[in-house]
S.K.: 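Before I ask anything, here is the structure I am working with.
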Amino acid sequence: QVQLVESGGGLVQAGGSLRLSCTASGSIFSIDTMGWYRQALGKERELVAEITGGGNTKYADSVKGRFTISRDNDKNTVYLQMNSLKPEDAAVYYCKALILSGIHWGQGTQVTVSS
């Protein structure tokens, strides 16, 4: 079994920063793409950023220049550095990992941005 555990969410003022972390554990041979998605109240889950095992990254247009995704393959951990946060960034952020056994999701961490 594979578990993804997120941390780092919380309440921040607009313009502030947060860093999310997600660590995978369990029956892992190798992890391909890892990513962050978010779901705001009443909206569909959307891609925020993802990073391949080779380090190639992809970002949603709304976060380009403000968010940075990175990963530590030795620790099976992916990070999301979020700067210049806006109220519209508020959502539950979910970690996703593509592993040989399939797609796995974390339980989510809440990010709240006050204006």
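Hydrogens, waters and symmetry mates play no part in the numbers below; they use all other heavy atoms, side chains included.
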S.K.: Any link between Val5 and Ile31 through a network of hydrophobic side chains (Ile, Leu, Val, Met, Phe, Trp, Tyr) touching at under 4.5 Å?
M.R.: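 In one cluster: no.
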S.K.: For Asp61 and Lys64, what are the C-alpha separation, side-chain angles and deciding distance, and is it a salt bridge (charged side-chain N to carboxylate O under 4.0 Å, His left out)?
M.R.: CA-CA 5 Å; Asp61 288 342; Lys64 284 180 181 177; 3.0 Å; yes
S.K.: Looking only at heavy atoms, what is the nearest atom pair of Ala40 and Ala91, with distance?
M.R.: N-CB, 3.7 Å
S.K.: Do the side chains of Trp105 and Leu98 join up, straight or via other hydrophobic residues, at under 4.5 Å, putting them in one cluster?
M.R.: yes
S.K.: With the side chain counted from C-beta on, respond yes when Val113 and Lys86 share a heavy-atom pair under 4.5 Å apart, and no when they do not.
M.R.: no
S.K.: Parallel, tilted or perpendicular: which fits the ring planes of Phe67 and Tyr93, with parallel below 30° and perpendicular above 60°?
M.R.: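 Tilted, since the angle between the ring planes falls between 30° and 60°.
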S.K.: How long is the span from the CG atom in Asp32 to the CD atom in Glu50, to the nearest 0.5 Å?
M.R.: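 Reported value, rounded in 0.5 Å steps: 9.5 Å.
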S.K.: For residues Ile99 and Trp36: do they belong to one hydrophobic cluster (side chain heavy atoms under 4.5 Å, members Ile, Leu, Val, Met, Phe, Trp, Tyr)?
M.R.: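 Looking at the clustering, Trp36 is in the same group as Ile99.
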S.K.: On a heavy-atom basis, which atom in Pro87 and which in Ala14 lie closest, and how many Å separate them?
M.R.: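 That would be CD-CB, 4.2 Å.
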S.K.: With rounding to the nearest 0.5 Å, note down the distance linking CG in Leu20 to CD in Gln81.
M.R.: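 Atom-to-atom, Leu20:CG and Gln81:CD are 9.0 Å apart.
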S.K.: So among Gln107, Glu6, Arg45, Gln110, which one has a side-chain contact (heavy atoms from CB on, under 4.5 Å) with Val92?
M.R.: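 Result: among Gln107, Glu6, Arg45, Gln110, Gln110 is the only option passing the side-chain contact (heavy atoms from CB on, under 4.5 Å) with Val92.
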S.K.: Looking at side-chain heavy atoms only, is the closest gap between Arg38 and Val63 below 4.5 Å?
M.R.: yes
S.K.: Nearest 0.5 Å please: distance from the CG atom of Leu80 over to the CE atom of Met34.
M.R.: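 Taking CG in Leu80 and CE in Met34, the distance rounds to 12.0 Å.
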S.K.: Once you round to the nearest 0.5 Å, how far does OG1 of Thr33 lie from CG of Asn56?
M.R.: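 Separation between the atoms: 9.0 Å.
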S.K.: Quick one: does Asp89's side chain get under 4.5 Å of Val111's, heavy atoms only?
M.R.: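 When only atoms from C-beta onward are counted, Val111 and Asp89 do not touch, as no gap falls below 4.5 Å.
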S.K.: Just to verify, which of Asn73, Asp74, Ile69 counts as forming a side-chain contact (heavy atoms from CB on, under 4.5 Å) with Arg71?
M.R.: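 Between Arg71 and the candidates, side-chain contact (heavy atoms from CB on, under 4.5 Å) is satisfied uniquely by Asn73.
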S.K.: For the residue pair Leu4 and Cys95, what are the closest heavy atoms and their distance?
M.R.: CD1-O, 3.8 Å
S.K.: Do the side chains of Met82 and Val48 get nearer than 4.5 Å, heavy atoms only?
M.R.: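 No, side chains not in contact.
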S.K.: Find out whether Asp72 and Tyr79 are in side-chain contact, i.e. whether some heavy atom of one side chain is under 4.5 Å from a heavy atom of the other.
M.R.: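 They are in contact (side-chain heavy atoms under 4.5 Å apart), so the answer is yes.
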S.K.: Calculate, to the nearest 0.5 Å, the distance between atoms OG and CG belonging to Ser25 and Asn76 respectively.
M.R.: 8.5 Å
S.K.: Looking at Gln3, I'd like to know if its CD atom is crowded, meaning that more than 12 non-hydrogen atoms belonging to other residues, nucleotides or ligands lie closer than 6.0 Å.
M.R.: no
S.K.: Verify the cluster assignment for Tyr94 and Leu85: are they in a single hydrophobic cluster under the rule of side-chain heavy atoms below 4.5 Å apart?
M.R.: no
S.K.: On a heavy-atom basis, which atom in Thr112 and which in Ala90 lie closest, and how many Å separate them?
M.R.: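 Between these two residues, the closest heavy atoms are CA-CB, 4.3 Å.
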S.K.: Would you say Leu47 has more than 12 foreign heavy atoms packed within less than 6.0 Å of its CG?
M.R.: yes
